[in-house]
Structure formats: C-alpha cells, structure tokens
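Structure first, commentary second.
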Amino acid sequence: MARTKDFDEQMVLTKAIQLFWHKGYNGTSMQDLVDALGISRSSLYDTYTDKHTLFLKALESYQFAGSAKIQEIINQTDSAKETIKKLLKLVTSELIGDKQQKGCFMVNAEVEVAPHDQEVNNIVCKNDQQMEDAFYQVIKKGQDTGEIENSQDAMALARFIFNAVKGMRVTAKSTPDQSLFDDIVKLTAAVLD
C-alpha cells in the first residue's frame, strides 16, 4: 500500500524555487533542501528522486506561473502597444521588487546549468520560445490592425523585445535602479512606433 504524502507538493516546489533561485543549482545541497523544504530526506527522494529532478520540476513550475501571468496580460489588453508596455512593466516591477536582486530564475538556470544539462536547456528553450511567440502574436496583431507599422518584420521585433527583457533580467542582479529600467522600457517600446 502506497503512503500518502503528508506535505503539499506545490508548496514544496515554491520553497524549492526560492532556494534554487537564491543559491543556484550548484550552491544548493541536499541538506539545504531538507532544511528549507521542511520534509524528510526520504520524502524528498521518494517524491522527486534526486536534486536534479526537483530542480527540473521547480523550473517547470516557475515557467508555468510566468506564462500564466503573461497570457493574462495579453488576454486583458486590446491595444498591442499597451500590451507590450504592460508586459515590459511586469518584468521591471518584478525585478525592482526583488530586494535580494536574484534576477530571473529561468535566466539564472540558463547561465549556470543549461550549457551542461540538456534537460534544463530544453526547458529554457521552451520558455524562450513561448516568450518570443507571445511577443510575436501581440506585434503581429498590432500590425494587422494598423496600430504598429509593417516596416519591420514582426518576428525580428519580437526577438528584439525579448532580448531586451533578458538583458533587464541580468541587469537586475547588479542594480535595482528604477530609472535605468524605465529608460530601457521606453526605448524598447519606441521600436513599435
């Protein structure tokens, strides 16, 4: 007979995200996980097999939550330009609001782990593709309605904006300067004019 879990798996993933995000994959030990997650080592192994599997699940959970926020903004805003501005402001508000200056969990995983781990690389690439596609769909819609000029390729614009987002996520690890991010958002949004 299988034992029932006496812990909330989503809560454990949320705690794991925070720990991996703060310490990095390589800087997080199994003992760190046991201490931070509040579950026994055997429960950790029974549920997640190992640190790597838990990291993958944490990264997927983070990616899913981020995608949901982005989709909510896209669904709630009619104007393509306003949608892009709201998406950029979402990114900056999350970065500025982080007093630990952790940057982006996904970008951190991309830099630290993805070059040496195909499974992490696959999650990062899937996330990047979804982000790029989201920007593309909004820009294309704006071009189709005439709100955004057709002089630039929609995919090239989406890639440019997504690259600006990634840059802001890296920059946030070293500075929380609101005016710096405001300048980046303003100039990035201006490419749509």
Side-chain angles (χ1 to χ4, degrees), residues 5 7-71 87-135 159-178 180-181 184-185 188:
K5 291 182 176 59
F7 59 89
D8 179 340
E9 284 190 56
Q10 189 54 51
M11 183 64 75
V12 166
L13 279 177
T14 299
K15 290 178 181 178
I17 289 167
Q18 292 303 313
L19 184 61
F20 283 128
W21 197 351
H22 179 71
K23 296 187 84 170
Y25 177 76
N26 293 316
T28 302
S29 69
M30 283 304 289
Q31 190 59 49
D32 291 333
L33 289 166
V34 168
D35 294 343
L37 303 182
I39 63 174
S40 69
R41 190 176 291 263
S42 62
S43 291
L44 188 62
Y45 283 119
D46 287 346
T47 305
Y48 301 105
T49 311
D50 55 23
K51 179 176 102 168
H52 184 259
T53 302
L54 176 57
F55 183 75
L56 294 174
K57 289 188 180 300
L59 203 54
E60 287 171 340
S61 179
Y62 178 85
Q63 190 269 331
F64 181 78
S67 292
K69 286 181 192 175
I70 290 165
Q71 198 57 53
L87 290 171
L88 292 170
K89 287 183 182 192
L90 169 69
V91 170
T92 58
S93 67
E94 289 177 346
L95 295 171
I96 296 296
D98 178 18
K99 300 305 175 205
Q100 295 178 328
Q101 293 181 244
K102 297 182 307 288
C104 170
F105 182 43
M106 188 67 65
V107 172
N108 294 352
E110 181 175 10
V111 172
E112 179 191 11
V113 186
H116 315 286
D117 186 316
Q118 191 58 51
E119 290 174 290
V120 172
N121 191 333
N122 290 344
I123 294 169
V124 168
C125 288
K126 176 183 173 188
N127 181 72
D128 287 358
Q129 190 62 56
Q130 286 179 339
M131 290 285 295
E132 190 177 284
D133 288 347
F135 283 122
R159 288 176 175 153
F160 174 80
I161 292 170
F162 179 56
N163 189 61
V165 167
K166 273 191 156 183
M168 287 189 294
R169 288 175 168 168
V170 172
T171 301
K173 291 181 72 72
S174 62
T175 182
D177 183 357
Q178 179 74 51
L180 180 139
F181 291 105
I184 294 169
V185 167
T188 301

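To the nearest 0.5 Å, the span separating NZ on Lys15 from CG on Asp8 amounts to 9.0 Å. Atom CG of Leu13 and atom CG of Leu37 lie 9.0 Å apart (nearest 0.5 Å). Atom-to-atom distance recorded for Ile123:CD1 and Leu56:CG is 4.5 Å, nearest 0.5 angstrom. The structure places OG1 of Thr53 at 11.0 Å from OH of Tyr45, a figure rounded to the nearest 0.5 Å. Separation of atoms CZ (Phe162) and CZ (Phe135) is listed at 7.5 Å; rounding is to 0.5 Å. Atom-to-atom distance recorded for Gln130:CD and Gln71:CD is 9.5 Å, nearest 0.5 angstrom.
Counting only residues at least two apart or in different chains, side-chain hydrogen bond (donor to acceptor under 3.5 Å, both in side chains) contacts with residues 88-97 comprise Lys69-Glu94.
In terms of heavy-atom proximity, Ala164 sits nearest to Thr188 at CB-OG1, 3.6 Å. The two residues Gln101 and Pro176 have their closest heavy-atom pair at NE2-CD, 3.7 Å. Across all non-hydrogen atoms, the minimal contact from Ala109 to Val120 is O-CG1, 4.0 Å.
Side-chain N or O atoms of Ser174 include one that pairs as donor or acceptor with a backbone N or O of Thr171 at under 3.5 Å. Under a 3.5 Å cut-off, the side chain of Ser61 and the backbone N or O of Lys57 do not form any donor-acceptor pair. No donor-acceptor distance shorter than 3.5 angstrom exists from the side chain of Asp128 to the backbone of Cys125, with no hydrogens or angles considered. Panel note: side chain Lys51, backbone Thr28; a donor-acceptor pair is recorded below 3.5 Å.
In this structure, Asn108 and Tyr25 have side chains that are not in contact, with every pair of non-hydrogen atoms separated by 4.5 Å or more. A heavy-atom distance below 4.5 Å is found between the side chains of Gln118 and Asn121. In this structure, Asn163 and Arg159 have side chains that are not in contact, with every pair of non-hydrogen atoms separated by 4.5 Å or more. Counting heavy atoms from C-beta on, the side chains of Leu33 and Tyr48 never come closer than 4.5 Å. Put simply, the side chain of Lys166 does not reach to within 4.5 Å of the side chain of Met131, judged on heavy atoms. By the 4.5 Å heavy-atom criterion applied to side chains, Leu88 and Ile161 are counted as neighbours.
Within 6.0 Å of CE in Met11 there are 12 or fewer heavy atoms belonging to other residues, nucleotides or ligands.
Asp46 and Ser43 are not linked by any side-chain donor-acceptor pair at a separation below 3.5 angstrom, with hydrogens and angles left out of the test. For the residue pair Ser67 / Gln63, a side-chain donor-acceptor distance below 3.5 Å is found, with atom types taken as modelled.
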Test side-chain contact (heavy atoms from CB on, under 4.5 Å) applied to Val185 and Met168, step by step: CA-CA 9 Å; Val185 167; Met168 287 189 294; 4.1 Å; yes
inquiry  = Evaluate Val107 against Val124 for side-chain contact (heavy atoms from CB on, under 4.5 Å), listing each step before the verdict.
reply    = CA-CA 8 Å; Val107 172; Val124 168; over 6 Å; no
Would Met106 and Arg169 satisfy side-chain contact (heavy atoms from CB on, under 4.5 Å), going step by step from the backbone distance to the final call?
CA-CA 9 Å; Met106 188 67 65; Arg169 288 175 168 168; 5.7 Å; no
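Ring-plane geometry between Phe20 and Phe55 is classed as perpendicular, the angle between the planes exceeding 60 degrees on a 0 to 90 degree scale with a lower cut at 30.
For the side chain to side chain contact (heavy atoms under 4.5 Å, CB included) with Val91, the lone residue among Val165, Ile70, Ile96 that qualifies is Val165.
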